[in-house]
Amino acid sequence: MAGRTPFYVTTPIYYVNDAPHVGHAYTTIACDVMARFKRLDGYDVKFLTGTDEHGQKVQKSAEAAGIAPIALADRNSQNFRDLAALLNVSNDDFIRTTEPRHITAVQALWQKLVESGDVYLGSYSGWYSVRDEAYYGADELVERDGKRFAPTGAPVEWVEEPSYFFKLSAWQDRLLEFYEQRPDFIAPAGKRSEVVSFVKGGLKDLSISRTTFDWGIKVPGDDTHVMYVWLDALTNYITAIGYPDTSGDYARYWPADLHMVGKDILRFHTVYWPAFLMAAGLEPPKRVFAHGWWTVEGEKMSKSLGNVVKPAELVETYGLDQTRYFLLREIPFGNDGDFSKRAMMQRINGELANDYGNLCQRVLSMIQKYCGGALPQPGERTEADTKLLDAAAALLPAVRAEIDVQAFHKALDVLWSVIGAANRYVDEMAPWSLRKTDTVRLGTVLYTLAEIIRRVAILTQPFMPQASARILDQLVVPEEARRFSDLDAGVLAGGVALPPPQGVFPRYVEAEPGKDEAPGAKGN
RNA sequence: AGCACCGUAGCUCAGUGGUAGAGCAGGGGACUCAUAAGCCCUUGGUCGGCAGUUCAAAUCUGCCCGGUGCUACCA
């Protein structure tokens with residue numbers, strides 16, 4: 001434990017007013033790959049996800065449903081727990097902002113901000129639409145008949161409510177200095193420029209409390225206010241490691257190595273959050289990565305279009321590991337991308353079934369048929385064997401470098417380059433011919449291939465834990481010998497009996513409606 | 001409107017001064033261990049347009065056209 005480097009990765013906490021969709025799954029899976037990779041690579045990993053449960057929207061939804069806000073939060077928070085389980089996500093903790101530990105942490109952080117002089121009582125004012133429950137900027141309004149209306153057509157009125165403010169304006173220079181010193185703090189690089197330019201444009205103080213609703217954490221010493229959601233929500237990252245106790249897990253895991261976020265909440269994580277933390281005398285996180293959005297078959301995902309992709313349907317239709325693979329392989333991480341059935345099928349069939357799955361299958365089958373089901377003993381190596389083995393040995397540092405910058409697509413690309421090389425090696429060596437001419441050489445070739453597959457499968461574990469495990473099972477690699485340190489230390493031993501091969505990545509064949517029904521039969 | 005980024009083969013993208021690349025899709029071939037998989041070969045682009053700098057530009061500069069993002073309280 002003492003010798004292991006800590007690694008702390010977080011998903012955003014998901015808002016309980018939302019139903020889980022592929023976007024949530026995407027963020028969570030990306031973090032899971034980070035967490036699994038780092039664990040296998042010997043790190044002491046803390047992986048946090050959870051739910052954000054306060055705010056006016058939740059209060060309103062609960063009222064509409066005729067239940068208490070906490071009842072709504074309980075129910076919907078569970079949906080996100082279920083999602084994590086569905087996706088085989090390895091989070092170490094699941095935080096809820098309604099938990100006592102979080103309330104304690106947020107109030108403690110508030111006190112720190114008060115003590116540092118960064119909080120003052122003022123009033124928040126603006127053009128408010130009761131109908132939309134939202135404030136609008138003066139420039140957004142339309143004036144008709146001497147009255148002002150929101151872009152939505154709703155009437156607005158000038159309202160003013162008391163509010164505590166955070167002196168964000170005082171942190172502009174220190175934030176810019178921070179970005180300057182830490183060029184990797186915001187990723188991808190393009191997003192960093194946006195944030196820097198935003199901050200350079202000047203910062204206004206931030207309203208951090210509200211009096212118009214009460215579903216939130218009370219401001220210490222002023223029960224008429226609840227904290228504004230972002231202060232509440234962002235604090236979850238330190239709540240989960242024990243804050244305000246800064247000795248134990250906090251000392252070990254903070255600052256977080258990576259906050260993974262969707263691009264819509266980048267600013268909150270890269271401007272407000274570091275400012276809050278610095279004001280409280282705490283360190284900002286090391287890195288915030290803003291990933292992109294998925295469209296579906298070329299269209300924006302939306303409730304009104306009815307094309308929202310539910311993670312459970314993906315897993316049901318394509319399989320869990322296939323879904324995990326597709327999401328991280330299809331688009332350069334950080335970019336927006338499109339989710340289409342066609343692309344999914346191409347990835348599953350072309351890369352999982354044909355390249356990876358079939359490589360395993362053909363090699364294991366030949367061992368089964370030609371070697372009586374026992375892993376052969378390798379003989380003398382040729383240049384071709386060495387070349388392939390060297391390529392596989394070079395995988396870990398190459399993949400690690402990509403994972404460290406969240407280039408998941410490139411990490412997979414690197415792995416597939418060896419899968420491709422192995423498939424070419426099979427054809428070049430033609431074991432089906434060696435079988436008749438040179439059984440010693442045959443043994444070396446099949447052994448080499450099995451060893452390549454072992455190495456690849458160990459490295460695909462973070463992406464596809466179940467499928468990788470099934471491959472390693474078929475090579476009789478002990479469960480405790482699947483860490484990255486076992487890549488070199490756990491080289492396969494010849495002579496071991498292998499079980500009959502079983503396909504791991506089946507081809508996806510689209511069910512053709514009507515095809516499997518009797519003519520004239522009505523479906524369902 | 002301002003600022004930033006992007007526009008390269010049918011599709012998704014890499015390439016940032018020295019004779020255009022990958023994967024997928026399309027076409028052809030040899031093999032047969034395997035999941036109608038794998039392997040080999042191959043068609044395809046005046047690198048958005050115009051002008052300039054340079055011995056040399058997809059790569060630098062200017063302008064134009066087209067697209068995207070950001071421009072604070074929306075969790």
Side-chain angles (χ1 to χ4, degrees), chain A residues 12-18 51-58 97 124 126 132-137 139 163 165-166 168 188-208 210 216 228-234 262-268 271-272 290 292 329-332 335-338 340 342-343 346-370 409-410 413 416-417 419-420 422-435 442 445-446 449 501-509:
Chain A
I13 44 174
Y14 301 118
Y15 201 50
V16 290
N17 219 37
D18 299 332
T51 45
D52 180 14
E53 310 190 3
H54 291 128
Q56 190 167 25
K57 280 192 186 174
V58 173
T97 56
Y124 183 70
D132 298 343
E133 291 161 13
Y135 282 92
Y136 291 96
D139 51 342
S163 170
F165 282 82
F166 173 74
L168 186 63
K191 297 291 176 196
R192 177 176 187 275
S193 313
E194 284 180 12
V195 172
V196 169
S197 118
F198 170 78
V199 173
K200 278 185 176 161
L203 295 173
K204 289 191 279 189
D205 290 347
L206 193 66
S207 166
I208 51 170
R210 288 295 143 88
Y228 176 59
V229 285
W230 279 107
L231 181 61
D232 173 350
L234 289 163
K263 62 183 185 180
D264 55 329
I265 55 174
L266 179 64
R267 181 193 308 147
F268 307 110
V271 181
Y272 303 172
R329 168 69 255 219
E330 178 64 6
I331 55 176
N335 289 10
D336 288 345
D338 184 53
S340 71
R342 180 184 153 81
Q346 281 184 353
R347 295 286 180 192
I348 289 176
N349 291 341
E351 293 167 10
L352 293 180
N354 297 353
D355 292 342
Y356 191 16
N358 188 53
L359 173 67
C360 299
Q361 187 73 6
R362 66 198 303 211
V363 169
L364 290 165
S365 288
M366 286 190 278
I367 291 172
Q368 202 65 213
K369 284 188 185 176
Y370 302 163
H409 61 298
K410 287 188 185 171
D413 196 51
W416 256 251
S417 71
I419 290 172
N423 271 318
R424 283 190 290 280
Y425 173 89
V426 174
D427 282 74
E428 283 160 18
M429 297 302 122
W432 48 92
S433 299
L434 288 174
R435 168 200 188 189
L442 171 71
V445 166
L446 292 180
L449 283 162
Q502 288 189 316
V504 172
F505 296 111
R507 290 180 63 79
Y508 177 78
V509 181

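Only heavy atoms go into these numbers, but all of them, side chains included; no hydrogens, no water, no symmetry mates. All chains are named by letter (A, B, ...) in the order of the sequence lines, taking the proteins before the strands, and each is independently numbered beginning at 1.
- Checked against B/rA72, B/rA34, B/rC70, the side chain of A/Tyr272 finds its nearest nucleotide in B/rA72.
- Two rings, from A/Phe268 and A/Trp230, have their centers less than 6.0 Å apart.
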Decide yes or no on side-chain contact (heavy atoms from CB on, under 4.5 Å) for A/Leu231 and A/Phe166, but give the supporting numbers first. CA-CA 10 Å; A/Leu231 181 61; A/Phe166 173 74; over 6 Å; no
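- Scanning all heavy atoms of the two residues, the minimum distance from A/Tyr15 to A/Gln56 falls at OH-N, 4.4 Å.
- Taking a pair to require two hydrogen-bonding distances under 3.5 Å in either a Watson-Crick or a G-U wobble arrangement, B/rC74 remains unpaired.
- For B/rC3, neither phosphate oxygen OP1 nor OP2 lies less than 4.0 angstrom from any side-chain nitrogen or oxygen of A/Lys200.
- Set against B/rA75, B/rA37, B/rA25, the side chain of A/Arg342 has B/rA25 as its closest nucleotide.
- For A/Trp230, taking side-chain heavy atoms from C-beta onward, the closest of the listed nucleotides B/rA75, B/rA34, B/rU35 is B/rA75.
- Taking CG of A/Asp338 as the start and CD1 of A/Ile331 as the end, the distance is 9.0 Å to the nearest 0.5 Å.
- Distances shown here put every side-chain N or O of A/Lys204 at or beyond 4.0 Å from the OP1 or OP2 atom of B/rA72.
- Across all strands shown, the partner of B/rG26 is B/rU42, judged by Watson-Crick or G-U wobble contacts whose two distances both fall under 3.5 Å.
- The separation of B/rU53 from B/rC63, taken at their C1' atoms, amounts to 15 Å, rounded to a whole angstrom.
- Taking atom C1' in both B/rA25 and B/rG10, one finds a spacing of 7 Å when rounded to whole Å.
- Counting any heavy atom pair closer than 4.0 Å across all strands shown, A/Gln346 reaches sugar-phosphate atoms only and no base atom.
- Residue A/Arg362 has its side chain nearest to B/rC33 when only B/rU35, B/rA75, B/rC33 are considered.
- B/rA14: no Watson-Crick or G-U partner with both key distances under 3.5 Å is found in any strand.
- In this structure, A/Ile265 reaches neither bases nor backbone, as no heavy-atom distance under 4.0 Å exists between it and the strands shown.
- Within 4.0 Å (heavy atoms only), A/Lys369 reaches sugar-phosphate atoms of the nucleic acid but no base atom.
- Ring pair A/Trp416/A/Tyr356: centre-to-centre distance below 6.0 Å.
- Heavy atoms of A/Tyr14 sit nowhere under 4.0 angstrom from any nucleic acid atom.
- Taking atom CG on A/Asp338 and atom P on B/rU68, their separation rounds to 15 Å, with Å as the unit.
- When heavy atoms are screened at a 4.0 angstrom cut-off, A/Ala353 is found touching base atoms of the nucleic acid.
- Contact record, A/Leu206 with A/Leu168: N-CB, 4.3 Å, taken as the closest heavy-atom pair.
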Please output the side-chain donor-acceptor pairs of residues 358-367 of chain A that fall under 3.5 Å, not counting sequence neighbours, one pair per line with the distance.
| residue | atom | partner | partner atom | Å |
| --- | --- | --- | --- | --- |
| A/Arg362 | NH1 | A/Asn423 | OD1 | 2.9 |
| A/Arg362 | NH2 | A/Asp427 | OD1 | 3.3 |
| A/Ser365 | OG | A/Gln361 | O | 2.8 |

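- A/Leu359 comes within 4.0 angstrom of nothing in the nucleic acid, heavy atoms only.
- Remark: P of B/rC73 and CD1 of A/Ile208 are 17 Å apart, rounded to the nearest angstrom.
- When the P atom is compared between B/rC47 and B/rG28, the two are found 30 Å apart, to the nearest whole Å.
- Comparing B/rC74, B/rG69, B/rA37 against the side chain of A/Lys57 picks out B/rC74 as the nearest.
- Across all strands shown, B/rG52 is found opposite B/rC60 as a Watson-Crick or G-U wobble partner, with both distances under 3.5 Å.
- Nearest nucleotide to the side chain of A/Ser207, out of B/rG69, B/rA25, B/rC73: B/rC73.
- Not one side-chain nitrogen or oxygen of A/Arg507 sits closer than 4.0 Å to the OP1 or OP2 atom of B/rA36.
- Under the Watson-Crick or G-U wobble criterion, with both distances below 3.5 Å, B/rU68 is paired with B/rA4.
- Distance from the side chain of A/Trp432 is smallest to B/rU32 among B/rC39, B/rA34, B/rU32.
- Ranking B/rC74, B/rC73, B/rA34 by closeness to the A/Tyr228 side chain, first place goes to B/rC73.
- When rounded to the nearest whole Å, the span between CG of A/Asn358 and C1' of B/rC39 equals 12 Å.
- Among B/rC33, B/rC13, B/rC73, the nucleotide with an atom closest to any side-chain atom of A/Val426 is B/rC33.
- With both ends at atom C1', the span from B/rG29 to B/rG38 equals 14 Å, rounded to whole Å.
- Under 3.5 Å, the side chain of A/Asn354 and the base of B/rG38 form no donor-acceptor pair of N or O atoms.
- Rounded to whole Å, the P atom of B/rC11 lies 37 Å from the corresponding atom of B/rU54.
- Pair assignment for B/rU32 gives none, since no Watson-Crick or G-U wobble pairing has each distance under 3.5 Å.
- A gap of 23 Å separates the C1' atoms of B/rG45 and B/rA51, to the nearest Å.
- Comparing B/rA72 with B/rG21, their P atoms sit 46 Å apart, to the nearest whole Å.
- Of the P atoms belonging to B/rU8 and B/rC3, the separation is 24 Å, rounded to the nearest Å.
- Pairing of B/rU19, defined by two Watson-Crick or G-U wobble distances under 3.5 Å, is not identified with any nucleotide.
- Nearest nucleotide to the A/Lys191 side chain, out of B/rC39, B/rU35, B/rG69: B/rG69.
- In this entry the distance linking CZ of A/Phe198 with P of B/rC73 reads 9 Å, nearest Å.
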